[in-house]
Protein chains: 2
Amino acid sequence: MQKSSIIGFSRGEKSNAALQVLNPATGETLPDSYVSASLDEVARACELADLAKLEMASLSGVQKGKFLRDLANQIDAAVDSIVGIATLETGLPAGRIRGETARTSGQLRMFAKLVEDGSWVDARIDPAIPDRNPLPKPDLRAMLRPVGPVGVFCASNFPLAFSVAGGDSASAWAAGCPVIVKAHHAHPGTAFLIGEIISQSVKDCGLPEGAFSLLFGDGRTVGQAVVRHPALKAIGFTGSRSGGRAIFDLAGQRTEPIPVFAEMSSINPVFLLPDMGKPEMDEVAEGLYISATLGVGQFCTNPGVVFYPNSENGESFRKAFVEKMKAFVPAPMLHKGIRDSYLENFEMMAELDGVEILCGSENMSDHKNCDAGATVLATEVSHFLQVPELKNEIFGPATMLVSYKNGNDLEKVIAQLEGQLTASLFGSEQSLSVHRGLVEALETKAGRLLFNQFPTGVEVCESIVHGGPYPATTDGRSTSVGTGAILRFARPVCYQGFPDDFLPRELRRGNPLGLNRKEA
Amino acid sequence: MQKSSIIGFSRGEKSNAALQVLNPATGETLPDSYVSASLDEVARACELADLAKLEMASLSGVQKGKFLRDLANQIDAAVDSIVGIATLETGLPAGRIRGETARTSGQLRMFAKLVEDGSWVDARIDPAIPDRNPLPKPDLRAMLRPVGPVGVFCASNFPLAFSVAGGDSASAWAAGCPVIVKAHHAHPGTAFLIGEIISQSVKDCGLPEGAFSLLFGDGRTVGQAVVRHPALKAIGFTGSRSGGRAIFDLAGQRTEPIPVFAEMSSINPVFLLPDMGKPEMDEVAEGLYISATLGVGQFCTNPGVVFYPNSENGESFRKAFVEKMKAFVPAPMLHKGIRDSYLENFEMMAELDGVEILCGSENMSDHKNCDAGATVLATEVSHFLQVPELKNEIFGPATMLVSYKNGNDLEKVIAQLEGQLTASLFGSEQSLSVHRGLVEALETKAGRLLFNQFPTGVEVCESIVHGGPYPATTDGRSTSVGTGAILRFARPVCYQGFPDDFLPRELRRGNPLGLNRKEA
């Protein structure tokens with residue numbers, strides 16, 4: 001069956017190029033095909049969003065909460081259909097899809113709660129002081145307001161939680177912004193199913209037609225047209241460094257540049273401090289193996305490089321870890337492109353000077369379809385410091401082990417690191433005391449620091465930071481997970497001298513919504 | 001006497017090209033000359049800032065407050081010297097320089113209070129739930145941390161409050177960032193005097209050498225070298241649209257792009273609602289005249305375009321306003337470049353189809369030095385809607401009067417407007433009720449909305465927004481005035497699983513600093 005883009009309350013034409021998807025686990029072509037949006041359809045979606053922006057901005061927190069909760073309920077109710085299509089398209093196990101569906105509806109409810117509570121708007125009140133000298137002080141009140149239409153690019157590795165109704169869309173709606181989603185080519189059927197649920201929810205909750213559109217098509221045509229459209233005011237993206245940078249550059253070249261929140265690339269360094277005992281080392285080897293192979297290594301926070309001490313215990317860690325990685329049973333990656341890149345990047349890295357292969361890719365070459373096994377490379381810290389390519393990400397279940405001599409080595413490593421989503425330290429508190437400077441240095445490089453914990457498994461809450469300096473993201477002052485994600489899609493507006501009746505209720509005298517406000 | 005850049009605790013060489021300044025009021029060349037920084041000196045300043053960043057980031061709120069307050073006191077103590085040099089360099093009256101000095105020290109104290117209080121860091125706490133099902137919840141804590149070295153470009157029109165120790169520097173230091181300032185070519189002596197005060201204060205308060213450097217030189221060499229240096233993590237700028245955009249583009253092209261907070265261009269539209277009576281119209285004419293000519297029209301929030309009803313009262317407003325503008329006594333603008341641009345832009349605008357000159361520039365052509373008089377142009381709303389150039393800014397005491405027929409006209413105007421720092425509405429509450437939609441539409445276009453007040457006179461407080469969508473700024477989610485300005489130079493960092501001893505005090509168990517935190 002042919003399916004086409006969702007343009008507000010109507011459907012796209014079916015006259016353009018259509019895409020079909022392979023099941024990465026079996027190699028079979030799935031039956032449905034997905035028709036690319038035409039440029040006219042992209043423009044129509046953007047114009048509908050523009051038409052909807054004032055009504056979306058005028059929604060109360062309660063109204064937005066109602067929509068987000070309704071959507072969460074409908075998604076939960078459709079979980080069996082979602083599992084049906086998403087497992088076929090991604091090769092991910094049913095349990096993972098169920099879990100990710102729950103995370104997705106959970107995120108929608110988290111943002112519902114946030115906007116129903118309302119204090120996220122950072123209301124600031126400076127009442128007038130008419131008799132101030134030498135000049136009277138005017139009445140000034142400010143709060144966060146939506147930026148306007150937001151474009152969202154779906155991630156390959158989270159078909160639900162970072163896709164059509166994922167964190168970017170949820171936080172943009174919560175802020176009061178219309179959303180235009182560009183589906184990922186690897187799971188269009190999942191996108192379409194979720195898109196239809198959203199569309200129904202938009203109607204049921206009385207939101208304007210332009211509150212949501214879903215576009216099929218490739219990044220170079222459909223994606224670029226979205227980023228270039230003057231109605232768009234911000235972009236959310238999760239994906240590759242090259243893809244995110246291209247969108248960032250394009251958005252910066254517009255007559256009116258717009259912010260791009262692209263979450264892209266991270267090697268998520270793990271540091272094993274010098275004095276760890278053998279039992280702790282063994283425990284880390286086990287935990288690291290689980291973290292490095294979770295989801296066949298396809299998490300943004302996958303631990304890609306591990307620094308371990310050049311010592312007897314360090315050697316024991318290395319052996320234990322490699323043994324486990326060798327025993328990993330190959331499993332399907334999300335699509336052929338990702339698997340091919342994984343092998344290619346592994347082979348390029350393996351050929352670099354001073355790199356040793358501890359667990360190779362030979363068992364993958366004749367494997368069916370998109371299956372991939374785990375790999376381990378090793379090098380010494382002196383090479384790591386000298387060879388820039390050793391700091392590149394290999395997206396997949398690959399780990400680079402780097403042996404070091406002392407804390408000085410680690411300081412040099414951290415100074416050279418690019419921006420990261422996470423950085424993890426393992427060791428005793430005594431050892432961390434000795435190497436306290438590492439924490440301070442890592443703070444400047446990563447969005448989230450961990451002590452004796454592994455970076456995969458991103459908790460969705462108020463205090464999570466899923467972000468970090470470039471190239472972890474294109475805006476190191478942002479997070480794409482947790483309640484803080486809403487701040488990407490809001491801007492402060494100040495009202496000077498307005499009577500109550502014309503102020504947003506959040507700013508009125510007497511604080512009728514009972515918000516947590518900054519009042520002078 | 002020759003003066004050179006301040007590179008940490010040392011001074012630049014005096015072998016490069018030197019700049020002298022003309023007194024804009026007299027045309028006389030001032031005696032001192034200012035030597036451009038060499039590219040080596042720029043690199044040295046950036047490296048010192050990089051070396052200082054961890055120590056700056058580790059300062060407590062109390063330590064930062066001490067520095068900011070000391071600096072404020074030293075600046076206040078030097079007010080007579082500041083007035084001496086700044087009036088010569090800018091042609092601004094002594095009273096204005098005194099006022100701006102007080103505003104500058106006031107801003108420093110405002111940020112001191114903010115960081116001493118400490119709650120600005122937006123601390124968020126999610127304690128561990130070890131027995132949560134199906135997975136234990138880890139302990140997560142997040143707060144805002146400094147972005148690292150910040151480059152600040154001084155404004156021509158605020159030699160103190162938006163210059164060396166102005167709002168950009170104050171907010172960056174408050175966030176815990178080292179600052180490198182590029183002096184404005186029109187008031188280097190004022191910059192040097194303030195720079196020496198800062199340098200002494202940095203020493204007295206025990207801050208690291210790289211906490212501050214001041215560079216002389218032009219934008220194309222010294223300015224660009226600052227923006228390109230890998231140690232720099234953010235830029236603050238106040239000035240022209242072309243200058244701000246050039247810096248924004250350059251920063252976006254870096255291997256590691258960095259955010260640029262450029263406050264640039266705004267025509268600050270004023271809307272007189274249809275039903276205003278004659279007495280109110282006369283009052284607005286008087287207030288508008290004061291606002292439009294304040295500081296010889298050299299404020300970012302200068303009201304550049306006024307929409308008035310095509311009615312008897314509207315005509316009466318127009319006559320009263322033009323009469324006052326004609327009586328304005330020419331006064332010196334900040335420097336020859338600004339005055340020449342003012343006249344040139346006025347003449348270009350005056351030649352556009354459908355534009356009438358109500359108060360011309362003829363009285364300025366043979367006037368001495370940098371003096372400029374006020375000008376008024378007029379057109380009809382249909383022309384304003386058709387001719388894009390009519391929406392350009394004329395920096396200086398120029399006002400464009402646009403007559404309109406009804407509220408529909410205003411809706412069309414607002415839909416076409418670029419981003420603005422401010423937008424002002426005048427009229428009765430009844431009239432505003434009828435045109436409520438204008439407020440909602442203006443919200444998407446401006447950082448600050450005013451009712452029956454004029455846009456000049458930016459209050460420095462918690463709730464001010466001095467910002468707005470592009471081209472008002474390059475980041476419409478920011479403000480460059482008020483406490484919110486600190487958020488430009490900070491990024492969230494999350495700490496997962498750390499014992500108290502290794503957490504910033506802001507995040508420790510028991511809330512030892514007594515902050516306003518979000519605790520789950």
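To find a chain, count down the sequence lines: A is the first, B the second, and so on, and within it residues start at 1.
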> Given the options Thr255(A), Thr422(A), Asp139(A), Asn516(A), which has more heavy-atom pairs under 4.5 Å with chain B than any of the others?
Replying inline: Thr255(A)

> Under 4.0 Å between a Lys/Arg side-chain N and an Asp/Glu carboxylate O for Arg124(B) and Glu462(A)?
Replying inline: yes

>> When you compare the side chain of Leu432(B) with that of Phe498(A), does any pair of heavy atoms fall below 4.5 Å?
In response: yes

> Is there a side-chain contact between Phe502(A) and Arg436(B), using heavy atoms and a 4.5 Å cut-off?
Replying inline: yes

>> Can you tell me how far apart CD (Gln253(B)) and CD (Gln253(A)) are? Round to the nearest 0.5 Å.
In response: 8.0 Å

>> Please give me the minimum heavy-atom distance between Arg491(A) and Pro469(B), naming the atom from each residue.
In response: NH2-CD, 3.6 Å

>> Contact between Ser463(B) and Arg141(A) at the side-chain level, heavy atoms closer than 4.5 Å - yes or no?
In response: no

>> How close do Val465(A) and Val493(B) get, counting heavy atoms only, and between which atoms?
In response: CG2-C, 4.0 Å

> If you measure from CG on Leu503(B) to CG on Leu449(A), what distance do you get to the nearest 0.5 Å?
Replying inline: 10.0 Å

> Any side-chain heavy atom of Leu54(A) within less than 4.5 Å of one from Thr444(B)?
Replying inline: yes

> With chain A, which of Arg488(B), Met143(B), Lys53(B), Glu440(B) has the greatest number of heavy-atom pairs at distances under 4.5 Å?
Replying inline: Arg488(B)

>> Need one label for Asn452(A): side chain, backbone, both or neither, based on atoms under 4.5 Å from any heavy atom in chain B.
In response: neither

> Between Ser478(A) and Pro492(B), which heavy-atom pair has the shortest distance, and what is it?
Replying inline: N-CD, 4.4 Å

> Of the non-hydrogen atoms in Phe451(B) and Pro499(A), which two are nearest, and what is the gap between them?
Replying inline: CD2-CD, 3.6 Å

> Checking heavy atoms, do the side chain of Glu418(B), its backbone, both or neither come under 4.5 Å from chain A?
Replying inline: neither

> What residue in Gly467(A), Ala446(A), Pro259(A), Gly148(A) has the most heavy-atom pairs under 4.5 Å with chain B?
Replying inline: Ala446(A)

> Looking at Ser58(A), Ser119(A), Ser433(A), which one has more heavy-atom pairs under 4.5 Å with chain B than the rest?
Replying inline: Ser433(A)

> Should Arg145(A) and Glu443(B) count as an ion pair when the cut-off is N to O under 4.0 Å?
Replying inline: yes

> If we only count heavy atoms from C-beta on, is the Thr474(A) to Pro257(B) side-chain gap below 4.5 Å?
Replying inline: no

>> Counting heavy-atom pairs closer than 4.5 Å to chain B, which one of Ala234(A), Ala123(A), Pro138(A) comes out on top?
In response: Pro138(A)

>> For Lys113(A), I'd like to know if atom NZ has over 12 heavy atoms of other residues, nucleotides or ligands within 6.0 Å.
In response: no

>> Taking side chain as everything from C-beta outward and backbone as N, CA, C, O, which of these in Leu144(A) sits under 4.5 Å from a heavy atom of chain B? Side chain, backbone, both or neither.
In response: neither

>> Main chain of Leu140(A), side chain of Arg448(B): is a donor-acceptor contact present, judged purely on distance under 3.5 Å?
In response: no

>> Looking only at heavy atoms and a cut-off of under 4.5 Å, which of Gly252(B), Ala142(B), Gly484(B), Gly447(B) has the most pairs with chain A?
In response: Gly447(B)

>> Quick check: closest heavy atoms across Gln453(B) and Gln496(A), and the distance to 0.1 Å?
In response: OE1-NE2, 2.8 Å

> Side chain, backbone, both or neither: which part of Asp501(B) has a non-hydrogen atom closer than 4.5 Å to chain A?
Replying inline: both

>> Tell me which of these, Arg245(B), His466(B), Lys233(B), has more heavy-atom pairs under 4.5 Å with chain A than the rest.
In response: Arg245(B)

> Is Arg132(A) salt-bridged to Glu459(B), cutoff N-O under 4.0 Å?
Replying inline: yes

